[in-house]
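Here's the structure we're looking at; comments come further down.
Side-chain atoms are counted along with the backbone in the values below, which use heavy atoms only and exclude waters and symmetry mates.
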Amino acid sequence: MSRRNLWELLKGGLLVTVLFLILLALLSWADKKPLLKNGIWKAELHRADGRHIIFNFETKDSAGKKVIYVINGEERLLVDSISVTSDSVLIHMPFFDSHFRAKLDAQGNLQGVWIKKAGEKQQTMPFKARYNQKLRFTAKARPKHNITGRWAVQFTGSNGKSRNAVGEFKQEGTRLTGTFLTASGDYRYLEGVVSGDSLQLSAFDGSHAFLFTAKVANDSTLQAGSFYSGATGEEQWIARKDENVVLPDGYDQAHMRPGESKLAFRFKGLDGRDVSLSDEAYKDKVVVLQIMGSWCPNCMDETRFLSEFYSPNKEKGVEVVALAYERTTDFETSKASLQRFQKRFNVQYPVLVTGVTVSDP
C-alpha cells in the first residue's frame with residue numbers, strides 16, 4: 001500500500017472518530033437537559049417583605065402529558081395545561097386567570113414568576129420550586145399544645161377595622177390542617193405545622209395565596225397572629241378556643257331592596273341567549289339562584305355541589321341558575337373564564353353573565 005493511500009485511509013478513520021465523538025457529546029448533552037420530573041415539589045411565592053407563601057404540588061404523567069396536582073390539606077387541585085419547551089415551563093391554572101412562567105435549572109428545580117390577572121390589574125410574584133421536597137414547613141420542636149377544635153377569631157386590618165371568623169383546626173402531632181369560616185365563605189383547605197409554641201398554615205389555589213402565623217400561648221389562646229395574602233395583603237389576628245362559637249346567619253347577609261318582593265332579571269347565558277326567571281322553563285319550579293364568579297375559590301366547592309345536586313333533582317321540578325359577577329364588564333372575556341369553570345365541573349344549568357363587576361357596589 002502506498003503512503004498516499006495509507007494517509008487517505010487514516011484521514012477517513014480520523015473523520016469517523018471525530019464525528020463519533022461529537023455524536024457522543026450531543027447525546028450526553030441531551031441526557032443532561034433538565035426535565036420536569038415526576039414527584040412532590042415544594043413551591044415558594046416570595047413577597048417583598050421577605051415572607052414566603054409555601055405550598056406543595058405533585059407532577060405526574062397522564063394520557064401522554066404532564067399534569068400537576070396542587071396539594072392543600074386533603075385537596076388535590078388538577079392542573080392539566082402545562083407546556084415544556086427546552087428548559088422553559090408554562091403552567092396555566094385551570095381558572096382564576098393566573099399562570100406560572102419558569103425555567104428549569106441544571107438541578108431540575110423551577111424558578112420564575114406567578115402572574116395573576118384581575119380585570120385590568122396584574123399581580124406578579126417571584127416563584128421557586130424545589131424537586132423532591134415533601135415538607136411544607138419544618139417543625140423544629142415538639143408542639144407545646146394541641147389546638148384541635150373550634151376557635152373564635154378576630155382579624156384586624158391596617159385600617160384598624162376588625163372582623164370576626166371561626167377557626168376550625170385539626171392537629172396530629174406537628175401536622176396542622178383546618179380553615180377559617182366567615183359568614184360569606186371560608187378559606188378552604190389550609191395545611192401547616194405546630195412547632196414548639198408557633199403555628200404556620202398556608203394554601204395556594206391559583207387565585208389566593210395565603211400564609212397564617214401565630215403564637216400558641218396555651219391550649220385556649222392564640223396571639224400575635226399575622227395573615228399574609230398575595231403580594232402585599234396583611235392583617236393581624238388573635239383567637240380564643242370556643243367550641244360553641246357561631247357565625248351570623250348567612251341568610252341575613254342577603255336581602256331584597258326596600259319595596260321589592262320578587263326577583264327579576266334578564267341576562268345572557270354563555271350560549272348568548274337571554275334567560276329570565278319569567279321564562280316558561282321556570283314556571284312553577286323551585287329555582288336555586290347561585291351568586292358566583294370564576295375568580296372565587298369558594299365557588300369551586302359550591303359549583304361542584306350544585307352540579308351533582310342538579311342532575312338527580314331536575315326531574316323533581318328543581319332548577320338552578322348561576323349569576324356570574326366577574327372582574328370585567330366585557331362579555332367575551334367573562335365568557336372565556338366562565339367556560340373553564342363550566343367544563344371542569346360539568347355544569348348543565350345556565351350560567352349568566354351579569355355584566356356587573358364584583359367590585360361594583
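- At distances below 3.5 Å, not a single donor-acceptor pair connects side-chain atoms of T124 with backbone N or O atoms of I115.
- The ring pair (Phe, Tyr, Trp, His ring centres under 6.0 Å) analysis of residues 42-76, with sequence neighbours excluded, yields the pairs W41-F57, H46-H52, F55-F204.
- With N56 as reference, R136 is the one residue of R136, K42, K134 to meet the side-chain hydrogen bond (donor to acceptor under 3.5 Å, both in side chains) rule.
- A donor and an acceptor atom, one from each side chain of E326 and S337, are nowhere located under 3.5 Å apart.
- With hydrogens and angles left out, the side-chain atoms of S278 and S276 include a donor and acceptor closer than 3.5 Å.
- Counting heavy atoms from C-beta outward, Q339 and L270 have side chains that approach closer than 4.5 Å.
- Here W237 and F180 bring their ring centres to under 6.0 angstrom of each other.
- A donor and an acceptor atom, one from each side chain of D186 and N298, are located under 3.5 Å apart.
- Looking at L306 and F345, their side chains never come closer than 4.5 Å, going by heavy atoms from C-beta outward.
- Residues satisfying the side chain to side chain donor-acceptor pair (under 3.5 Å) criterion with N132, sequence neighbours excluded, are absent altogether.
- Salt-bridge check for E234 with R51: failed, with every basic side-chain N at 4.0 Å or more from each acidic carboxylate O.
- The closest side-chain donor-acceptor pair between Q111 and N109, if any, does not fall under 3.5 angstrom.
- Paired with F127 under the rule side chain to side chain contact (heavy atoms under 4.5 Å, CB included), one option of I53, I91, L45 passes, and it is L45.
- To the nearest 0.5 Å, the span separating CZ on R240 from CD on Q223 amounts to 14.5 Å.
- At least one side-chain heavy atom of L199 sits less than 4.5 Å from a side-chain heavy atom of I147.
- Side-chain contact between T174 and V194: absent, with no pair of heavy atoms (C-beta onward) separated by less than 4.5 Å.
- With sequence neighbours excluded, no residue satisfies side chain to side chain donor-acceptor pair (under 3.5 Å) with T232.
- In summary, R266 and D279 engage in a salt bridge, as defined by a charged side-chain N under 4.0 Å from a carboxylate O.
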Check against side chain to side chain contact (heavy atoms under 4.5 Å, CB included), V153 and V166: CA-CA 5 Å; V153 180; V166 173; 6.0 Å; no
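- Salt bridge D301/R188: present, at least one basic N to carboxylate O contact under 4.0 Å.
- A salt bridge links E168 with R150: at least one charged nitrogen is closer than 4.0 Å to a carboxylate oxygen.
- Looking at E319 and Y310, their side chains do bring a donor and an acceptor atom within 3.5 Å of each other.
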Audit row: N346, Q348, side-chain hydrogen bond (donor to acceptor under 3.5 Å, both in side chains) steps and yes/no: CA-CA 6 Å; N346 190 29; Q348 299 300 311; 2.7 Å; yes
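- Considering only heavy atoms from C-beta on, H99 comes within 4.5 Å of R101 through its side chain.
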Below 3.5 Å, can you tabulate the donor-acceptor pairs from side chains in residues 207-215 to any protein atom, sequence neighbours excluded?
from: S207; atom 1: OG; to: W295; atom 2: O; distance (Å): 3.1
from: K215; atom 1: NZ; to: S198; atom 2: OG; distance (Å): 3.1

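- A donor and an acceptor atom, one from each side chain of T148 and N146, are located under 3.5 Å apart.
- Donor-acceptor pairing under 3.5 Å is lacking for the side chains of T328 and S334.
- Between D271 and R273 there is a salt bridge, since at least one side-chain N of the basic residue sits less than 4.0 Å from a carboxylate O of the acidic one.
- For the 3.5 Å distance criterion, the side chains of T303 and Q290 qualify, holding a donor opposite an acceptor.
- D205 and N72 share no side-chain donor-acceptor pair at under 3.5 Å.
- Taking both residues in full, the closest heavy atoms of Y282 and P350 are given as OH-CG, 3.4 Å, listed atom of the first, atom of the second, then distance.
- Using a 4.0 Å cut-off between charged nitrogen and carboxylate oxygen, E58 and R76 do not count as a salt-bridge pair.
- Taking Ile, Leu, Val, Met, Phe, Trp and Tyr as members and joining any whose side-chain heavy atoms lie under 4.5 Å apart, directly or through other members, Y189 forms no hydrophobic cluster with any other residue.
- N38 and K66 share a side-chain donor-acceptor pair at under 3.5 Å.
- The closest side-chain heavy-atom distance from L110 to L104 is below 4.5 Å.
- At least one side-chain heavy atom of L77 sits less than 4.5 Å from a side-chain heavy atom of M300.
- Nearest heavy atoms, G233 versus R47: O-NH1, 2.9 Å.
- In this structure, the side chains of P94 and V79 come closer than 4.5 Å at one or more pairs of heavy atoms.
- The aromatic rings of F155 and Y187 sit parallel to each other, their planes meeting at less than 30°, with 60° as the upper class boundary.
- Side chains of T357 and D360: a donor-acceptor N/O pair is absent below 3.5 angstrom, by distance only.
- Checked against side chain to side chain donor-acceptor pair (under 3.5 Å), T177 has no partners two or more places apart in sequence or in another chain.
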